[in-house]
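A short write-up of the structure that comes next.
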Amino acid sequence: MSVAIKAENLTKRYGDLVAVDHINFEVQKGEIFGFLGPNGAGKSTTTRMLIGISIPTEGTAQVMGFDIRRQSVRAKELMGIVTDVSNVYTQLTAWQNLIFTGKLYDIPKSERESRAKELLQLFGLFERRNDNVEGFSKGMRRRLCIAMALMNKSSILFLDEPTVGLDVQSSLIIRNLVKKLNSEGLTVFVTTHNMEEANQMCDRVAIINNGKIEAIDTPEMLKSAIKKLQVIEVSFVGSNGDLTSELKKIQEVTDVTKNGDKYRLNTENVPQALSNVWGFSKKKGLTINTLNTLSPTLEDVFVELTGIQPEIRPPKTQRGQD
Amino acid sequence: MELKRIFKALRVAWAIGEKDIRIYYARPGSLVFGILFPFSMFLSYIVGRNVTVAQAIPILVAQTLFFASSSIGPITIPLERRLRTFERFLSAPISLITVLVGKTLAGFIYGIAISVIPILVGVLVFNSVIVDIFALVIGLLLSAFCFAAMGLMFASIPGQHPGTVMMPMNFVRIPMLFISGVFIPISELPYWGQILSVFSPLTHTIELVKGGLGGENIFGGVLNIGILLGYLGLFLFLGIRFHIANQKKE
Ligand SMILES: Nc1ncnc2c1ncn2[C@@H]1O[C@H](COP(=O)(O)OP(=O)(O)OP(=O)(O)O)[C@@H](O)[C@H]1O
Ligand SMILES: [Mg+2]
């Protein structure tokens, strides 16, 4: 059995509002699966149903083979959970937080103590283990939260917006840790509204909007699905006059614009167009100086699929940093 | 197998109770509602009255027990909702009942710990004599459980501030003081008041404690214990139902 999560018509209504609308998806074991969507899309609601905080209005899901409605305790035993806010006990120390989590999962004393020590070291919190969490920074609390989620040696980790509100470095630490844990076999379900995070971390991404899944695929496939946006940027050594009209004649190139010393070629078939451009330069005796493919970003895909771009889109300069 | 599961649930419940003790016992809310409130009400009651120490000690014991045990649920649960740590319980592999039992334990221990103080003062300072240790101990244990469960039931009122739970609960707690023989001895209540007093669990706490310390007992130990047990069951049952209903709204 290789399916880690299987959601079937999972639905949540709050009064008249359908927060999650009959969604279906599968997450394979060993995957990092991303749930990408704007504010209010239903990411947290979906996560909360999967981890047992909220009860579905309709439909169900299996996590690690256990039905979340009928076998919720069995399912929860295998889950590590990081909710969208860092819900740590601020009046307890980091050590006490981990130990209490261990007790909640009924882990024997010696095991929970060695596990807590291990995790504090892994998350760079060991020196601060006896400090009250009250004085911890956002990033430290987030790391502690993830450490708490790993106390029970879960086989699947749920992360609801793990890096939101953190600085570049803290985000990076968390992403790298998650990737490391994933490479050791942990399945990860992560929600985010950060395109770059989804792009860098996830094996597959589901794009969710208004409680419905708009697309599920690998980041690269999602991007190449909107082919008309694919661009090859090329420049040649030396001045060769304006090559626009000649480049336009190349097979698979649909349009050319000149941009300073560079040409931007639009195409629906990047590999073929690349090879044609190569052939063109050979034939004309031109030396290629730079050659880039500018694929659409996940953000472009997102905008294309959801039709919304404002607020959720961080300013260009900050991309991948929040 | 069944037994193993019960032991596991008890271990986890104990861990939850212990954590609450650690975090919330010294919080201003617990101190005000659990200690300051009953003590100051007691003082304002005895000042300028002809009450002997023998009469006063059981009332003080029952009253502190009543307020202290019932305050822990209404303080911890709204705060845990606000910090969203309550969600940790919902997503842990335990049943909601385990969580509620753990929280009841915390109220129970808090109530016992505080009400033992006036007993000690009575015995050590005012030479009170414990004549019926069984009545006293059973009275304390049962009442502490009963009122902790009552607090927990009220804590199902949705809200993120202890005040949202304390206010409605005080509408019940304070009138209870009048019909339970705290401010007015039951024998001096009008007839309908005496009838009502049978239905107040606090009456039976005071009766048992009084009995234990050599005072008169009107209703008799069996009725006292029976009614307290009945309320304990009722509060636990309703509390669990209400909290489960809350989770459906999440
Ligand atoms: N307890 C609740 N009661 C009523 N409506 C709710 C509740 N929880 C969520 N909603 C609504 O459900 C919708 C989906 O919310 P959800 O929190 O799942 O979004 P999200 O994708 O996690 O957004 P964000 O990026 O802001 O975290 C929103 O319209 C929200 O207002
Ligand atoms: Mg969310």
Side-chain angles (χ1 to χ4, degrees), chain A residues 12-15 19 44-45 47-57 63 66 68 71-93 96-97 99-109 112 132-134 141 145 148-149 151-152 154 158 160, chain B residues 1-2 4-30 75-103 105-106 158 160 243-250:
Chain A
K12 185 73 190 184
R13 284 197 194 87
Y14 292 112
S44 294
T45 307
T47 313
R48 291 160 69 82
M49 285 191 283
L50 292 174
I51 63 184
I53 292 177
S54 144
I55 297 160
T57 324
V63 176
F66 296 110
I68 55 162
Q71 301 163 292
S72 73
V73 171
R74 297 292 298 281
K76 287 171 185 173
E77 275 168 355
L78 302 172
M79 298 181 193
I81 289 154
V82 178
T83 50
D84 53 353
V85 292
S86 295
N87 52 352
V88 288
Y89 291 98
T90 48
Q91 300 97 326
L92 297 181
T93 64
Q96 289 167 339
N97 267 284
I99 294 299
F100 176 64
T101 309
K103 289 180 180 171
L104 215 47
Y105 285 81
D106 198 37
I107 301 165
K109 188 173 185 334
R112 68 177 176 249
N132 266 8
V133 174
E134 189 86 70
R141 287 180 191 209
C145 245
M148 286 162 86
M151 272 302 282
N152 62 330
S154 46
F158 289 86
D160 195 355
Chain B
M1 194 57 214
E2 197 55 30
K4 232 172 125 185
R5 269 184 43 205
I6 292 172
F7 276 124
K8 181 194 158 185
L10 282 176
R11 272 197 304 274
V12 175
W14 174 247
I16 293 171
E18 190 201 5
K19 187 262 316 163
D20 278 355
I21 293 168
R22 227 191 257 263
I23 295 184
Y24 298 104
Y25 276 18
R27 278 187 75 97
S30 317
I75 287 168
T76 62
I77 292 188
L79 287 176
E80 292 225 37
R81 282 198 201 108
R82 185 159 84 212
L83 292 172
R84 306 258 310 260
T85 46
F86 199 76
E87 291 177 1
R88 290 199 172 271
F89 302 137
L90 300 179
S91 60
I94 54 177
S95 82
L96 197 54
I97 296 173
T98 304
V99 179
L100 299 178
V101 169
K103 300 242 159 224
L105 270 175
Q160 307 201 330
H243 282 280
I244 288 175
N246 272 349
Q247 202 203 344
K248 299 235 162 80
K249 286 184 227 134
E250 279 282 347

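In what follows, chains carry the letters A, B, and so on, assigned in the order in which the sequence lines appear, proteins first and then strands, with residues in each chain numbered from 1.
Minimum interatomic distance between A:Tyr105 and B:Ala92 (heavy atoms only, all atoms of both residues): OH-CA, 3.9 Å. Here the closest heavy-atom approach between residue B:Arg88 and residue A:Cys145 is recorded as NH2-SG, 3.6 Å.
For A:Met49, no part lies near chain B; criterion is any non-hydrogen pair under 4.5 Å. Contact annotation for A:Arg48: only side-chain heavy atoms (C-beta onward) come within less than 4.5 Å of a heavy atom of chain B. Proximity to chain B (any heavy atom under 4.5 Å) is shown, for A:Glu77, by both the backbone and the side chain. Looking at A:Tyr14, the atoms closer than 4.5 Å to chain B (heavy atoms on both sides) all sit in the side chain, from C-beta outward.
Panel note: side chain B:Gln247, backbone A:Ile53; a donor-acceptor pair is recorded below 3.5 Å. Without hydrogens or angle criteria, B:Arg11 side chain to A:Asp106 main chain gives no donor-acceptor distance under 3.5 Å.
B:Arg84 places a side-chain heavy atom less than 4.5 Å from the side chain of A:Asp84. Using a 4.5 Å heavy-atom threshold, the side chains of A:Asn87 and B:Leu83 count as separate.
Of the listed residues (A:Leu78, A:Val73, A:Thr101, A:Val88), the greatest number of heavy-atom pairs within a distance under 4.5 Å of chain B belongs to A:Val73. Comparing B:Thr85, B:Ile94, B:Thr98, B:Leu90 by how many heavy-atom pairs each has under 4.5 Å with chain A, the most go to B:Thr85. When the candidates A:Leu92, A:Thr83, A:Thr57 are compared by the number of heavy-atom contacts under 4.5 Å with chain B, A:Leu92 comes out ahead.
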Enumerate, atom names and distances included, each donor-acceptor pair closer than 3.5 Å involving a side-chain atom of residues 15-23 of chain B, sequence neighbours excluded.
from    : atom 1 : to       : atom 2 : distance (Å)
B:Glu18 : OE1    : A:Lys103 : NZ     : 3.1
B:Lys19 : NZ     : B:Glu80  : OE2    : 2.5
B:Asp20 : OD1    : B:Lys103 : NZ     : 3.2
B:Asp20 : OD2    : B:Lys103 : NZ     : 2.9

